[in-house]
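The block underneath contains the structure these notes are about, expressed in structure tokens.
All values below were derived from every heavy atom in this structure, side-chain atoms included, with hydrogens, water molecules and symmetry-related copies excluded. Just so we're on the same page: letters track the sequence lines, and every chain starts at 1.
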Amino acid sequence: MLDIKFIREQAEFVKDSLAKRHMETDVIDSVIALDEKRRELILDVESKKAERNAVSKEIGRMKDKESRESKISAMRNLGDNIAALDEELKTVEAELFDALAGIPNIPDADVPIGLDDKDNVVIRTVGEKISFDFEPKAHWDLGPALGILDFDAGVKLAGTRFYVLEGAGARLQRALIFWMLDLHIRQGYREFYPPWMVREEVMFASGQLPKFADNLYHDHQEDFWWVPTAEVPLTGIMMGEVIEEAELPMNLTSYTACFRREKMSAGRDVRGMKRGHQFDKVEMYKYCKPENASQELDNMVADAAKTCEELGLTYRVLLQSTGDLSFGSHKTYDIEVWAPGCQEWLEVSSISNIGQFQARRANIKYRPADGSALQFVNTLNGSGLGLPRTMIAVMENYQQADGSIVVPEVLKPFMGGIEVIR
RNA sequence: GGAGGGAUGGCCGAGCGGCCGAAGGCGCCUGUCUUGAAAACAGGUAUAGGGAAACCUAUCGUGGGUUCGAAUCCCACUUCCUCCGCCA
């Protein structure tokens with residue numbers, strides 16, 4: 001959510017930013033009109049309240065019954081007037097809030113302008129695409145052949161876009177989770193295990209609601225929303241809090257399953273385990289001061305990249321264009337790993353500086369050490385990494401001619417002595 | 001699921017429908033004193049919105065209601081605690 005004062009003062013700049021995202025800019029004009037209406041009403045209703053407060057105090061001290069009665073009836077009328085104005089103000093504020101909640105974040109100045117993900121800019125590529133002296137297989141052939149990945153069972157249990165990992169496959173994923181969490185702890189993150197279902201207000205705070213309700217699973221009998229990413233509870237955990245400056249930056253990491261309806265992308269990526277309704281992810285998250293956010297974004301990209309490096313995967317870092325930038329993001333890098341079987345760069349991580357966009361929705365501030373006024377923190381989030389695609393990359397990169405899969409060096413301690421899955 | 005008791009500032013804790021944005025204490029900040037510190041003493045110390053400013057408005061878990069006026073009365077909800085039941 002953007003600051004209404006900022007919009008008021010920098011209307012043209014905000015419009016330009018919307019235009020970069022290929023959005024209509026009319027909403028800014030209506031927001032400014034609503035804001036003016038709102039301030040008019042506040043001026044009016046608050047002066048009336050001031051009068052009522054003053055007269056009510058007088059009434060409390062008055063002895064003369066008649067003039068007392070006349071004041072009371074005058075205040076009764078004023079009270080009705082105030083109630084009507086309050087009602088009107090409430091309506092205007094709700095409209096303003098809804099309008100503001102629908103405006104995306106301002107892209108950072110160095111975000112390339114583009115239409116979609118094709119305009120994302122490759123910043124660097126690390127490693128060479130692996131070459132084999134045989135024809136590499138895709139994971140959807142490798143996995144079932146080894147008996148570690150079962151698409152039919154997933155469909156039987158839950159339908160399309162579900163699969164079952166078993167044996168060394170399930171264990172490999174668990175090893176990745178353990179190893180990633182340990183790595184992030186070494187990198188200075190604190191591990192959290194949050195609820196995987198949250199209240200509606202938490203979904204709103206992190207920016208998923210109201211806009212993306214269609215992509216979420218929701219229990220209609222209780223106020224429970226299944227998290228689409230650990231970013232949601234990791235934002236919510238500090239909702240409404242004031243953090244001491246000395247505590248910043250706060251680095252958090254969490255493993256959760258993620259649940260997504262993926263309604264928008266029906267028909268895309270249907271094959272394999274690339275895109276499912278349920279997937280596991282290890283997430284990194286930061287609360288920091290605004291002036292450090294840019295540096296912390298770079299740090300987080302480096303932390304995620306380290307994960308790919310230690311796994312021995314070829315990867316590239318991309319800067320998202322304005323056409324691909326998600327609703328709440330100020331600036332986002334993607335990390336993609338090369339999957340030689342399905343011949344694809346797979347997005348395993350998306351690392352974003354959200355600025356104060358979420359903090360404003362979630363009301364998360366910090367208290368500067370010098371005692372000056374409270375400030376909104378900045379928040380950052382990034383996958384470290386998404387498990388299914390990491391699994392794909394590991395399976396396809398570490399495959400051997402006979403269809404077996406070598407366990408990456410860093411995962412061996414977690415595999416109970418299994419060095420090759422066969 | 002049933003019964004009962006709570007929720008007040010950074011923390012603890014008072015609070016009769018009006019003089020309560022809220023006593024008192026602790027903590028913190030500033031000053032006096034001191035070579036320095038401690039102690040003592042004095043003053044200050046919530047958040048948000050509006051306003052050029054003076055200042056005004058709102059907030060005592062949340063949302064409604066009663067009233068000229070609500071921390072205080074009424075209703076609903078959230079949450080914590082105690083007891084009973086159920087349960088991995």
Side-chain angles (χ1 to χ4, degrees), chain A residues 1-9 31-101 193-205 209 219-225 233 236-248 250 257 287 356-377:
Chain A
M1 182 123 69
L2 298 180
D3 182 5
I4 182 61
K5 281 185 192 160
F6 178 75
I7 295 177
R8 198 191 293 154
E9 286 157 18
V31 155
I32 287 172
L34 281 168
D35 178 48
E36 269 169 33
K37 179 75 183 160
R38 166 180 155 268
R39 285 185 295 155
E40 266 172 42
L41 283 166
I42 286 174
L43 227 48
D44 191 12
V45 73
E46 289 196 348
S47 70
K48 289 192 163 81
K49 282 181 181 175
E51 185 189 348
R52 181 177 66 181
N53 286 348
V55 175
S56 288
K57 275 184 188 174
E58 256 182 67
I59 290 171
R61 289 191 298 263
M62 284 172 82
K63 299 276 183 280
D64 181 66
K65 202 163 184 183
E66 242 170 66
S67 50
R68 191 182 152 99
E69 285 306 319
S70 90
K71 291 274 191 197
I72 286 180
S73 95
M75 285 309 103
R76 191 173 295 145
N77 288 335
L78 186 62
D80 291 345
N81 196 212
I82 289 172
L85 286 171
D86 261 340
E87 202 58 42
E88 198 182 342
L89 179 60
K90 220 161 116 181
T91 308
V92 169
E93 284 187 327
E95 281 173 30
L96 179 60
F97 185 85
D98 288 348
L100 283 174
Y193 175 84
W196 292 5
M197 294 184 277
V198 299
R199 303 169 186 279
E200 184 173 335
E201 60 178 308
V202 178
M203 279 297 179
F204 176 83
L209 289 177
D219 181 333
H220 288 269
Q221 291 177 316
E222 310 274 351
D223 179 21
F224 283 140
W225 295 75
I237 208 157
M238 294 307 289
M239 208 164 63
E241 305 280 337
V242 176
I243 305 169
E244 297 300 325
E245 183 178 349
E247 308 271 331
L248 298 174
M250 283 174 60
Y287 294 96
Q356 56 171 225
F357 192 82
Q358 268 174 346
R360 202 170 271 285
R361 286 178 168 239
N363 190 26
I364 305 169
K365 298 186 169 179
Y366 74 97
R367 187 185 310 281
D370 65 9
S372 56
L374 303 186
Q375 304 279 330
F376 286 108
V377 298

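When the P atom of B/rG65 is taken as reference, atom CG of A/D86 falls 10 Å away, rounded to whole Å. One interatomic measurement links the two molecules: CG of A/N363 to C1' of B/rA46, which rounds to 14 Å at whole-angstrom precision. Atom CD in A/E87 sits about 12 Å away from atom C1' in B/rG64, given to the nearest Å. As a whole-Å value, the separation of A/K65 NZ from B/rC68 P is 15 Å. Between the CZ atom of A/F6 and the P atom of B/rG49 there is a distance of 16 Å, rounded to whole Å. Spacing between atom CE of A/M62 and atom P of B/rG69 amounts to 16 Å, rounded to whole angstrom units. The interatomic distance linking A/E69 (CD) with B/rG69 (P) rounds to 14 Å, in whole Å. Atom P of nucleotide B/rG61 and atom CD of A/E201 are separated by 17 Å, given to the nearest angstrom.
Base pairing annotation: B/rU57 forms a Watson-Crick or G-U wobble pair with B/rA48, both donor-acceptor distances under 3.5 Å. Pairing for B/rC86 is absent, judged as Watson-Crick or G-U wobble with the two contacts each under 3.5 Å.
Listed by chain and residue number, A/R199, A/E200, A/W225 satisfy the side-chain contact (heavy atoms from CB on, under 4.5 Å) test with A/D223 (two or more places apart in sequence, or in another chain).
Across all strands, A/R8 comes closer than 4.0 Å only to sugar-phosphate atoms, never to a base (heavy-atom distances). A/L78 comes within 4.0 angstrom of no nucleic acid atom, judged by non-hydrogen atoms across all strands.
Remark on RNA chain B: of its neighbouring residues A/I72 and A/R367, the 5'-side contact belongs to A/R367, judged by nearest-heavy-atom nucleotide. Nearer to the 5' terminus of RNA chain B, by closest-nucleotide assignment, is the contact made by A/A373 (compared with the other of A/A373 and A/I4).
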| said: Checking A/K5 against A/D35 for the salt bridge (charged side-chain N to carboxylate O under 4.0 Å, His left out) test, could you report, in this order, the C-alpha distance in whole Å, the side-chain angles of both residues, the deciding distance, and whether it holds? | reply: CA-CA 9 Å; A/K5 281 185 192 160; A/D35 178 48; over 6 Å; no
| request: Using the salt bridge (charged side-chain N to carboxylate O under 4.0 Å, His left out) rule, take A/E93 and A/R38 through it: C-alpha gap first, then chi angles, then the decisive distance, then the call. | output: CA-CA 7 Å; A/E93 284 187 327; A/R38 166 180 155 268; 3.6 Å; yes
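Taking a 4.0 Å limit (strictly below) on heavy-atom distances, residues 89-99 of chain A reaches RNA chain B at A/K90. Applying a 4.0 Å cut-off to non-hydrogen atoms, the residues of residues 32-53 of chain A that approach RNA chain B are A/R38, A/R39, A/I42, A/L43, A/E46, A/K49, A/A50, A/R52, A/N53, listed by residue number.
Between the side chain of A/R361 and the backbone N or O of A/F204, at least one donor-acceptor pair lies under 3.5 Å.
Here A/K365 does not reach the OP1 or OP2 of B/rU47: none of its side-chain N or O atoms lies under 4.0 Å away.
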With 3.5 Å as the limit, what N/O pairs link the protein to nucleotides 17-23 of chain B?
from   : atom 1 : to    : atom 2 : distance (Å)
B/rG18 : O6     : A/R68 : NH2    : 3.3
B/rG18 : N2     : A/S56 : O      : 2.6

Could you go over nucleotides 73-81 of chain B and give all protein N or O partners under 3.5 Å, atom names and distances?
from   : atom 1 : to     : atom 2 : distance (Å)
B/rU79 : OP1    : A/R199 : NH2    : 3.3

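A/I237 and A/E241 get closest at one heavy-atom pair: O-CG, 4.5 Å. Heavy atoms only, all atoms of each residue included: A/P368 and A/L374 are closest at CD-CA, 4.2 Å.
Every pair passing side chain to side chain donor-acceptor pair (under 3.5 Å) that includes a residue from residues 66-79 of chain A is listed here, sequence neighbours excluded: A/D64-A/S67.
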